[in-house]
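Here is the naming used below: chain letters follow the sequence lines, and residue numbers restart at 1 for every chain.
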Amino acid sequence: EAQVTQNPRYLITVTGKKLTVTCSQNMNHEYMSWYRQDPGLGLRQIYYSMNVEVTDKGDVPEGYKVSRKEKRNFPLILESPSPNQTSLYFCASSFLADASYEQYFGPGTRLTVT
Amino acid sequence: SQQGEEDPQALSIQEGENATMNCSYKTSINNLQWYRQNSGRGLVHLILIRSNEREKHSGRLRVTLDTSKKSSSLLITASRAADTASYFCASSGSARQLTFGSGTQLTVLP
């Protein structure tokens, strides 16, 4: 089944404890992206990747890192999480190296930082 | 930057009625997309309209685009309880980023 998977789906952690949220797609998509969703703010883009080894900042990159060593994987790393990073996170991918086409979303990761 | 704004923020209608949601954006675009999100779940793509198109249909969905006003609307006809969800517009002015609006929460009452 063509899909975007994220793990974990739920995570509660403490301030400063490094964590990684994995994202994987099995559709050979070029473009991948991370968003966070907060009430009343819609989705805001954190980082995106147009291809392997090509990543760039979105609108809210502070406190996050990403890597794209393989086409299918795009992990999101929080080196020192803080409570203001408590949010619902979504990974998405698109067939072309072009964000303006249909994006496929993962099921989301709900992160709580205490 | 967050360039999409949606109106209304919340909409409640009876089953069988039509639902209209509006979206405004700030910069020129390549295309505009609409997505649906059931509570707490991933977004699902509904429809894409290109900047040179004015109207597009898909089943019970009708999308219009007015680039002179930088606005779009999504019409869902003959709404069903299963249409209850949040609806987001997303605009792209480049190949690099897609910018989402804040969404409209639609509730369809049976």
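With sequence neighbours excluded, the residues that form a ring pair (Phe, Tyr, Trp, His ring centres under 6.0 Å) with A:Tyr104 are A:His29. Under the salt bridge (Lys or Arg N to Asp or Glu O under 4.0 Å) criterion, B:Arg60 pairs with B:Asp83, not counting sequence neighbours. Residues satisfying the ring pair (Phe, Tyr, Trp, His ring centres under 6.0 Å) criterion with B:Tyr87, sequence neighbours excluded, are absent altogether.
Put simply, A:Met50 and A:Phe105 are part of two different groups of oily side chains (I, L, V, M, F, W, Y) that touch within less than 4.5 Å, one to the next. A continuous path of Ile, Leu, Val, Met, Phe, Trp and Tyr side chains, each step under 4.5 Å between heavy atoms, connects A:Met32 with A:Tyr64, placing both in one hydrophobic cluster. Hydrophobic clustering keeps A:Ile46 apart from A:Leu88 (ILVMFWY residues linked when any side-chain heavy atoms are closer than 4.5 Å, directly or through intermediates). If you chain together hydrophobic residues whose side chains sit under 4.5 Å apart, A:Tyr47 and A:Tyr35 never meet in one group. By the criterion of side-chain heavy atoms lying less than 4.5 angstrom apart, applied directly or through intervening Ile, Leu, Val, Met, Phe, Trp or Tyr residues, B:Ile76 is grouped together with B:Ile49 in one hydrophobic cluster.
Scanning both residues, B:Ser102 and A:Gly40, for their nearest heavy atoms gives CB-O, 3.9 Å.
For the atom pair OH of A:Tyr31 and CZ of B:Arg96, the computed distance is 8.5 Å after rounding to the nearest 0.5 Å. The distance from atom CD of A:Gln103 to atom CZ of B:Phe100, rounded to the nearest 0.5 Å, is 6.0 Å. Atom-to-atom distance recorded for A:Leu43:CG and B:Leu98:CG is 9.5 Å, nearest 0.5 angstrom.
If you tally non-hydrogen atom pairs under 4.5 Å between each of A:Tyr101, A:Phe90, A:Tyr48 and chain B, the highest count goes to A:Tyr48.
Residue contact with chain B, scored on non-hydrogen atoms closer than 4.5 Å, is absent for A:Gln6.
Heavy-atom neighbours of chain A within the stretch residues 34-48 of chain B, taken at a separation under 4.5 angstrom, comprise B:Tyr35, B:Gln37, B:Gly40, B:Arg41, B:Gly42, B:Leu43, B:His45, B:Leu48.
Residue A:Ile12 places its CD1 atom among 12 or fewer non-hydrogen atoms of other residues, nucleotides or ligands, all under 6.0 Å distant.
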